[in-house]
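Data first, discussion second: the structure below is written as structure tokens.
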Amino acid sequence: MLVAERYDLIVQLVNERGSIRVTELSELCQVTEETIRRDLDRLEQAGRLRRSHGGAVSVKEQQPEIPYFEREIVRADEKRRIAEEAVSLIRPKERILLDASSTAWYMAQSMPDIPLTVLTNSIKVAMELAGKERIEVISTGGILASRSLSYIGPLAERSLDAYHVDRVFLSCKGVHLDRGISESNELQARIKHRMVGMADEVVLLADSSKFGVQAFTHVAELGAIHRIITDNGLTPELGAELRERQITVTTV
């Protein structure tokens, strides 16, 4: 395969999938990962794609985030059950992190007023916890994403570097056995990737509709997840596969 042909194939794959890993491109193009990294650097300089952690993402228009008021009502019963199970894991005096998902907001609603430190990039979560006097709330700051009512961007990401938490609770748009967890928006994916790396335990809150889905931007490999809480729509076969990977799976 000529270099120009490889470039065209890489751009085609990135645009078709939204994002792709260096390891996948290496296998598909039958060249080394180092060659692929050089290719991605050149293609980014040409404006044909954008480099991301471990791979590349399309420069086509990103998938828009679903507005918060819509996410609140989609599969609301499942999300509330997942949130209540997640809250049952929390112990007094822990330091936890909640992302800006609607399930995290349901967690904030049902969380007892006990001594806790809660770090979040969600305006809704922070406001929900503001009335609970024994919970200390730390907000990241950053660029306000109006559709998700969350803080994103470099300032939000850097603010997380100052902290380490016992548990992070986060959701996502897609959970794929081979491609890990993913988000619809690159800036949301970047901050969630940072969250995954700053906790002793990573708890993924994902209703069963998220499984088998690959969204636009990669967040983390499944191996970075310690526990998944989902609803009883998860198939027994998929649950068994996840447990074989040493992930604790709870269905509610």
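Given the structure is predicted, the values throughout are model-derived calculations rather than measurements.
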**Study point:** Ser159: side chain to side chain donor-acceptor pair (under 3.5 Å) partners, not counting sequence neighbours
**Key:** none
Practice item. Would you check if the side chain of Ser101 reaches a backbone N or O of Leu170 as a donor-acceptor pair within less than 3.5 Å? Key: no
Review point. When you measure from the side chain of His193 to the backbone N and O of Val219, does any donor-acceptor pair fall under 3.5 Å?
Key: yes
Review point. According to a 4.5 Å side-chain heavy-atom criterion applied to Ile, Leu, Val, Met, Phe, Trp and Tyr, with indirect links allowed, do Leu97 and Leu155 form part of one hydrophobic cluster?
Key: no
Review point. How would you list all residue pairs meeting salt bridge (charged side-chain N to carboxylate O under 4.0 Å, His left out) that involve residues 95-108, not counting sequence neighbours?
Key: Arg95-Asp166, Asp99-Lys192
Check your understanding: Does the side-chain contact (heavy atoms from CB on, under 4.5 Å) test come out yes or no for Arg38 and Glu34, once each step is laid out?
Key -> CA-CA 6 Å; Arg38 288 197 297 268; Glu34 185 58 35; 3.3 Å; yes
Exercise for review: State the CE-CG distance between Met127 and Leu149, to the nearest 0.5 angstrom.
Suggested key: 11.0 Å
Review point. Counting distance only, does the side-chain N/O of Arg194 pair as donor-acceptor with the main-chain N or O of Leu160 below 3.5 Å?
Key: no
Practice item. Mind listing the closest non-hydrogen atom pair of Ser208 and Leu234 along with its distance? Key: CB-N, 3.6 Å
Check your understanding: So with a 6.0 Å cut-off around CD of Gln30, is the heavy-atom count from everything else above 12?
Key -> no
Practice item. Taking the side chain as every heavy atom from C-beta outward, state whether Ile20 and Val14 have any atom pair closer than 4.5 Å. Key: yes
Check your understanding: Less than 4.5 Å apart, any side-chain heavy atom of Asn185 and any of Thr217?
Key -> no
Point to revise | Spacing of Leu187 atom CG and Ile143 atom CD1 [to the nearest 0.5 Å] | key: 6.5 Å
Point to revise | Donor-acceptor under 3.5 Å (Ser26 side chain, Val31 main chain) | key: yes
Revision key, fill the gap. Contacts of Asp178 meeting side chain to side chain donor-acceptor pair (under 3.5 Å) (sequence neighbours excluded), chain-then-number -> none
Practice item. Just do the side-chain contact (heavy atoms from CB on, under 4.5 Å) check on Met111 and Ile135 with the steps written out, would you? Key: CA-CA 10 Å; Met111 198 174 293; Ile135 298 179; 4.0 Å; yes
Check your understanding: Does CZ in Arg190 sit with more than 12 non-hydrogen atoms of other residues, nucleotides or ligands closer than 6.0 Å?
Key -> no
Point to revise | Residues which pass side chain to side chain donor-acceptor pair (under 3.5 Å) with Glu136, listed by chain and number, not counting sequence neighbours | key: Thr117
Check your understanding: Nearest 0.5 Å, what's the CG-OG1 distance between Asn121 and Thr140?
Key -> 5.0 Å
Check your understanding: Does one side chain, of Asn232 or Thr251, offer a donor that lies under 3.5 Å from an acceptor on the other?
Key -> no
Exercise for review: Could you check Thr35 against Thr32 for side-chain hydrogen bond (donor to acceptor under 3.5 Å, both in side chains), going step by step and ending with a plain yes or no?
Suggested key: CA-CA 5 Å; Thr35 296; Thr32 67; 2.9 Å; yes
Point to revise | Over all atoms of both residues, closest heavy-atom pair of Ala100 and Ser150 | key: CB-CB, 3.2 Å
Review point. Thinking salt bridges, do Arg48 and Asp8 make one under a 4.0 Å N-O criterion?
Key: yes
Review point. Between the main-chain N or O of Arg134 and the side-chain N or O of Asp113, is there a donor-acceptor pair closer than 3.5 Å?
Key: yes
Point to revise | Salt-bridge present (Arg245, Glu221; N to O < 4.0 Å) | key: no
Exercise for review: Check for a donor-acceptor pair, side chain of Lys132 on one end and backbone N or O of Ala108 on the other, with a separation under 3.5 Å.
Suggested key: yes
Practice item. Evaluate side-chain contact (heavy atoms from CB on, under 4.5 Å) for Val137 paired with Leu129, printing each intermediate quantity in order. Key: CA-CA 7 Å; Val137 180; Leu129 295 176; 3.7 Å; yes
Review point. Would a distance-only check, ignoring hydrogens and angles, find a side-chain to backbone donor-acceptor pair under 3.5 Å from Glu84 to Arg81?
Key: no
Review point. So do Thr120 and Ile138 actually touch side chain to side chain, heavy atoms under 4.5 Å?
Key: no
Exercise for review: Report yes if the side chains of Ile123 and Leu144 come closer than 4.5 Å at any heavy-atom pair, otherwise no.
Suggested key: yes
Review point. Going by an N to O cut-off under 4.0 Å, is there a salt bridge joining Arg37 and Glu33?
Key: yes
Practice item. State, yes or no, whether a side-chain contact exists between Val118 and Leu98 at a heavy-atom distance under 4.5 Å. Key: yes
Review point. Between Cys172 and Leu204, what is the shortest heavy-atom contact and its length?
Key: SG-CD1, 3.9 Å
**Study point:** From CZ (Arg80) to CD (Glu78), nearest 0.5 Å
**Key:** 10.5 Å
Review point. Can you check whether Lys173 reaches Ile181 side chain to side chain, under 4.5 Å on heavy atoms?
Key: no
Check your understanding: Would a 4.5 Å heavy-atom cut-off, applied to side chains only, mark Cys29 and Ile10 as touching?
Key -> yes
**Study point:** Residue among Ile228, Leu177, Thr235 satisfying side chain to side chain contact (heavy atoms under 4.5 Å, CB included) with Phe211
**Key:** Ile228
Practice item. Under the side-chain contact (heavy atoms from CB on, under 4.5 Å) rule, what do Met195 and Ile191 come out as? Steps first, then yes or no, please. Key: CA-CA 6 Å; Met195 291 175 175; Ile191 196 166; 4.3 Å; yes
Show me the side-chain donor-acceptor pairs of residues 87-94 shorter than 3.5 Å, one per line, residues at least two apart or across chains.
residue	atom	partner	partner atom	Å
Ser88	OG	Glu85	O	2.5
Arg91	NH1	Ser88	O	2.8
Glu94	OE1	Arg91	N	3.2
Glu94	OE1	Arg167	NH1	2.7
Glu94	OE2	Arg167	NH1	2.5

Practice item. Determine, for Asp231 against Lys79, whether the closest basic-nitrogen to carboxylate-oxygen distance falls under 4.0 angstrom. Key: no
Point to revise | Contacts of type side chain to side chain donor-acceptor pair (under 3.5 Å), residue Arg51, not counting sequence neighbours | key: Asp41
Check your understanding: Measuring from Tyr151:OH to Glu157:CD, what's the distance to the nearest 0.5 Å?
Key -> 15.5 Å
Point to revise | Modelled atom types, side-chain donor and acceptor of His164 and Asp200, under 3.5 Å | key: yes
**Study point:** Atom of Arg6, atom of Asp39 and distance for their closest heavy-atom approach
**Key:** NE-OD2, 2.6 Å
Practice item. Write down the atom of Ala199, the atom of Val168, and the distance for their closest heavy-atom approach. Key: CB-CG1, 3.6 Å
**Study point:** Heavy-atom pair of closest approach, residues Ala189 and His218
**Key:** CB-O, 3.8 Å
Review point. How long is the gap from NZ on Lys210 to CG on Leu205, to the nearest 0.5 Å?
Key: 9.0 Å
Check your understanding: What do the steps show when you test Arg50 against Glu44 for salt bridge (Lys or Arg N to Asp or Glu O under 4.0 Å), and what is the final call?
Key -> CA-CA 5 Å; Arg50 185 181 302 119; Glu44 183 177 50; 5.8 Å; no
Check your understanding: Do Thr230 and Thr250 come within less than 4.5 Å of each other through their side chains, counting heavy atoms only?
Key -> no
Check your understanding: Is a donor on one side and an acceptor on the other found under 3.5 Å between the side chain of Ser182 and the backbone of Phe216?
Key -> no
